[in-house]
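Below is one structure, written out as structure tokens, with a few remarks after it.
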Amino acid sequence: MRQISVKKIQEAVTQAVGQVNIYLPRDIEEALNKSLFNEENERAKNILNILLENAKIAREEKMALCQDTGMVAVDIELGQQVIISDGDILSAVNQGISDGYEKYYLRKSVVSCPFERKNTGDNTPAIINISLFPDDRLVLNIMPKGAGSENMGQLAMLKPAEGIQGVKDFVINVVKNASSNPCPPIIVGVGIGGNMEKAAHLAKKALFRDINTKNNNKEIAVLEQELLSSINALDIGPQGFGGKTTALAVNAETYPTHIASLPVAVNIGCHCMRRIRLAF
């Protein structure tokens, strides 16, 4: 059995929330550069140059990539051969986030009640999901997500007869209706199957995946590519000013579902979608 102290987890999360808000993930910056090379619309090129310059300034000046430093989602992969010592992991993660947002002067964006709207003052609680595995791993996937992109997500309970075409139509309509609101070029996370909450979780998990990877299922990998092509044909473009760079990637995840159900959820990440992976 491996023993990991909550202090170690807390300190790692504190540092991680600072880094993840400052440094654009490598795969996304590379995709922006590639899009700049391939884009033909001059206005779109100009916008892409501005986005890359923003990432460069944030990196050099150690400043937040975006004024919306988000609500933090944390997906925990916990091995059953791991013992968390000296406390509980949920408190450690939340304390790490609280310390990190204070230490790195990041905007606190969480309110305690959806109606009273009183800021909790430390950007907690986070949205935490835990999956158990029969090994000794402990991995924390951390994503501060701003409201501009998060608010554009949608979920549908399709009829099974609607099939893949129904899924395509729904995803494309979600992106089309979102237009410039999620700050394109975007990354589109798609969750298909399970039930209502599972599909929504799958869509968020899809955004944790490197955008250069494809789904292991060949049929789903083809679906990802077809959706990406259709979305980039919408001519929304960077920040909604037109062009063929509306999305950098479509990542889809699936799960077994009920014979009478076909849930599909879309979660959109903006051009500076932030994520970091901590492995202990």
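Everything numeric in this text was worked out from a predicted model, so none of it was measured.
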Are [X] and [Y] linked by a side-chain donor-acceptor pair shorter than 3.5 Å?
{"X": "Asn181", "Y": "Ser179", "result": "no"}
{"X": "Gln19", "Y": "Asn21", "result": "no"}
{"X": "Lys145", "Y": "Asn267", "result": "yes"}
{"X": "Asp99", "Y": "Gln10", "result": "yes"}
{"X": "Asn215", "Y": "Asn217", "result": "no"}
{"X": "Asp122", "Y": "Ser98", "result": "yes"}

Salt bridge between [X] and [Y], side-chain N to carboxylate O under 4.0 Å?
{"X": "Lys204", "Y": "Glu150", "value": "yes"}
{"X": "Arg275", "Y": "Asp27", "value": "yes"}
{"X": "Arg59", "Y": "Glu29", "value": "yes"}

**Message:** For a 4.5 angstrom cut-off between non-hydrogen side-chain atoms, does Leu138 reach Ile9?
**Reply:**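 Yes, close enough: below the 4.5 Å cut-off.
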**Request:** Taking the side chain as every heavy atom from C-beta outward, state whether His271 and Leu248 have any pair of such atoms under 4.5 Å apart.
**Result:**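 His271 does not reach Leu248 side chain to side chain.
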**Request:** Enumerate the residue pairs fulfilling side-chain hydrogen bond (donor to acceptor under 3.5 Å, both in side chains) with a member in residues 36-45, sequence neighbours excluded, ordered by first and then second residue.
**Result:**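 Sorted result for residues 36-45: Glu39-Thr245.
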**Asked** How is the hydrophobic cluster of Val266 composed, in terms of its other members, when Ile, Leu, Val, Met, Phe, Trp and Tyr link through side-chain heavy atoms under 4.5 Å apart, directly or indirectly?
**Response**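 Besides Val266, the cluster holds Met152, Leu158, Ile164, Val167, Phe170, Val171, Ile172, Val174, Val175, Ile186, Val188, Val190, Ile192, Leu223, Leu227, Leu228, Ile231, Leu234, Ile236, Val250, Leu262, Val264, Ile268.
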**Asked** Does a sphere of radius 6.0 Å around CD in Gln15 hold more than 12 heavy atoms from other residues, nucleotides or ligands, not counting ones at 6.0 Å or beyond?
**Response**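 Result for CD/Gln15: open.
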Under 3.5 Å, which donor-acceptor pairs link side chains of residues 66-79 to any protein atom two or more places apart or in another chain?
residue: Gln67; atom: OE1; partner: Arg107; partner atom: NH1; Å: 2.8
residue: Asp68; atom: OD1; partner: Gly70; partner atom: N; Å: 2.9
residue: Asp68; atom: OD1; partner: Arg107; partner atom: NH2; Å: 3.4
residue: Asp68; atom: OD2; partner: Ala147; partner atom: N; Å: 2.9
residue: Thr69; atom: OG1; partner: Arg107; partner atom: N; Å: 3.3
residue: Thr69; atom: OG1; partner: Arg107; partner atom: O; Å: 2.6
residue: Asp75; atom: OD1; partner: His201; partner atom: NE2; Å: 3.1
residue: Asp75; atom: OD2; partner: His201; partner atom: NE2; Å: 3.2
residue: Asp75; atom: OD2; partner: Lys205; partner atom: NZ; Å: 3.2
residue: Glu77; atom: OE1; partner: Arg137; partner atom: NH1; Å: 3.4
residue: Glu77; atom: OE2; partner: Asn141; partner atom: ND2; Å: 3.2

